[in-house]
Amino acid sequence: MAQKIALHILEPQDRFRTALARLGYEAGFHCEIYEDISELFEAIPGNGVVLIRDGGSCSAIPALVRHLALQGQWCPFVGYADHPTVDHVVQAIKGGALSFIATPGTTDDLLAVVPAVAAEAELRRDLIERAVRAHQSLARLTDRERQVLDGIVSGESSKAIARVLAISPRTVEIHRTKMLGKLGARNAADAVRLKVEASAYTNIAA
């Protein structure tokens with residue numbers, strides 16, 4: 001039997017929280033409820049979808065995504081509001097929400113979005129976890145090792161990197177060897193791949 005999709009509902013008002021949980025159960029989801037963001041942050045969900053009320057003059061989701069990213073974590077947020085404007089939805093999606101809907105009133109409202117987002121989240125989770133690991137590996141480099149890596153990513157030779165950094169090619173090779181070792185990279189191509197993967201983390205944490 002397939003495991004039920006976990007629906008994590010973050011709704012500050014009791015009556016709406018209860019109503020959404022009931023809809024979620026009727027739709028066949030396993031529901032967890034949260035009164036505020038601090039409860040969610042106490043134990044970041046490792047699966048499923050986070051359904052979060054996101055009203056107000058601007059979307060709160062971009063700041064939440066950045067906050068989690070800086071801790072090396074991620075949540076697949078689906079925002080909802082009673083009467084979301086186009087600008088609000090665009091702001092939330094650009095800030096990291098996977099979807100945005102009007103406040104659900106039926107099981108069909110949830111079934112129309114949650115399964116698809118849950119499937120997308122599983123694909124993204126692997127990519128983002130790889131990005132976080134790559135970012136953490138790069139954080140162990142010294143400034144000079146990072147400069148050498150930047151030169152390699154730009155396709156420059158050791159001699160060209162040495163000229164830019166005003167050091168000898170031999171010193172560049174020493175930094176290159178140390179950099180590869182810290183990254184656990186077999187060669188320059190592996191190091192470049194890590195740099196590219198880490199850029200995904202930089203984008204969401206910016």
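Just so we're clear, the structure is a prediction, and the values are computed from it rather than from any experiment.
- In summary, Arg170 and Glu173 do not engage in a salt bridge, as defined by a charged side-chain N under 4.0 Å from a carboxylate O.
- Note: Ser137 OG to Lys195 NZ = 12.5 Å, rounded to the nearest 0.5 Å.
- When atom types are taken as modelled, the side chain of Asp36 and the backbone of Glu39 share a donor-acceptor pair closer than 3.5 angstrom.
- When only modelled atom types and interatomic distance are considered, Arg133 and Gln136 share no side-chain donor-acceptor pair under 3.5 Å.
- Judged by distance alone, the side chain of Thr103 and the main-chain N or O of Asp82 form a donor-acceptor pair under 3.5 Å.
- Here Cys75 contributes atom SG and Gln73 contributes atom CD; the two are 7.5 Å apart, rounded to the nearest 0.5 Å.
- With hydrogens and angles ignored, the 3.5 Å screen pairs a side-chain donor or acceptor of Arg146 with a backbone N or O of Leu138.
- Looking at Glu120, its side chain never comes within 3.5 Å of a backbone N or O of Ala116 through a donor-acceptor pair.
- When the shell of 6.0 Å around CG of Asp143 is examined, it contains 12 or fewer heavy atoms from other residues, nucleotides or ligands.
- Partners of Phe41 according to the ring pair (Phe, Tyr, Trp, His ring centres under 6.0 Å) rule, which considers only residues two or more places apart in sequence or in another chain, are His67.
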Enumerate, atom names and distances included, each donor-acceptor pair closer than 3.5 Å involving a side-chain atom of residues 7-15, sequence neighbours excluded.
{"residue": "His8", "atom": "ND1", "partner": "Tyr34", "partner atom": "OH", "Å": "2.9"}
{"residue": "His8", "atom": "NE2", "partner": "Asn47", "partner atom": "O", "Å": "3.2"}
{"residue": "Glu11", "atom": "OE1", "partner": "Arg53", "partner atom": "NE", "Å": "2.5"}
{"residue": "Glu11", "atom": "OE1", "partner": "Arg53", "partner atom": "NH2", "Å": "3.2"}
{"residue": "Glu11", "atom": "OE1", "partner": "Tyr80", "partner atom": "OH", "Å": "2.6"}
{"residue": "Glu11", "atom": "OE2", "partner": "Gln13", "partner atom": "N", "Å": "2.9"}
{"residue": "Glu11", "atom": "OE2", "partner": "Arg53", "partner atom": "NE", "Å": "3.4"}
{"residue": "Asp14", "atom": "OD1", "partner": "Arg17", "partner atom": "NH2", "Å": "2.2"}

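- At distances below 3.5 Å, at least one donor-acceptor pair connects side-chain atoms of Ser59 with backbone N or O atoms of Ile61.
- Salt bridge absent: Glu145 and Lys178 never bring a charged side-chain N and a carboxylate O closer than 4.0 Å.
- Within the model, atoms NE2 of His175 and CG of Leu141 stand 11.5 Å from one another, a figure rounded to the nearest 0.5 Å.
- No side-chain N or O of Asp87 forms a donor-acceptor pair with one of Thr85 less than 3.5 Å apart.
- Separating the OH atom in Tyr25 from the CG atom in Leu110 is a distance of 13.0 Å, to the nearest 0.5 Å.
- Under the 4.5 Å side-chain contact rule for hydrophobic residues, Val192 and Leu183 share a cluster.
- Side-chain atoms of Asp109 come within 3.5 Å of backbone N or O of Thr106 as a donor-acceptor pair.
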*Does the pair Asp190 and Leu180 meet the rule for a side chain to side chain contact (heavy atoms under 4.5 Å, CB included), with working shown?*
CA-CA 8 Å; Asp190 277 354; Leu180 293 177; over 6 Å; no

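- Taken together through direct or relayed side-chain contacts under 4.5 Å among Ile, Leu, Val, Met, Phe, Trp and Tyr, Ile5 and Ile33 form part of one hydrophobic cluster.
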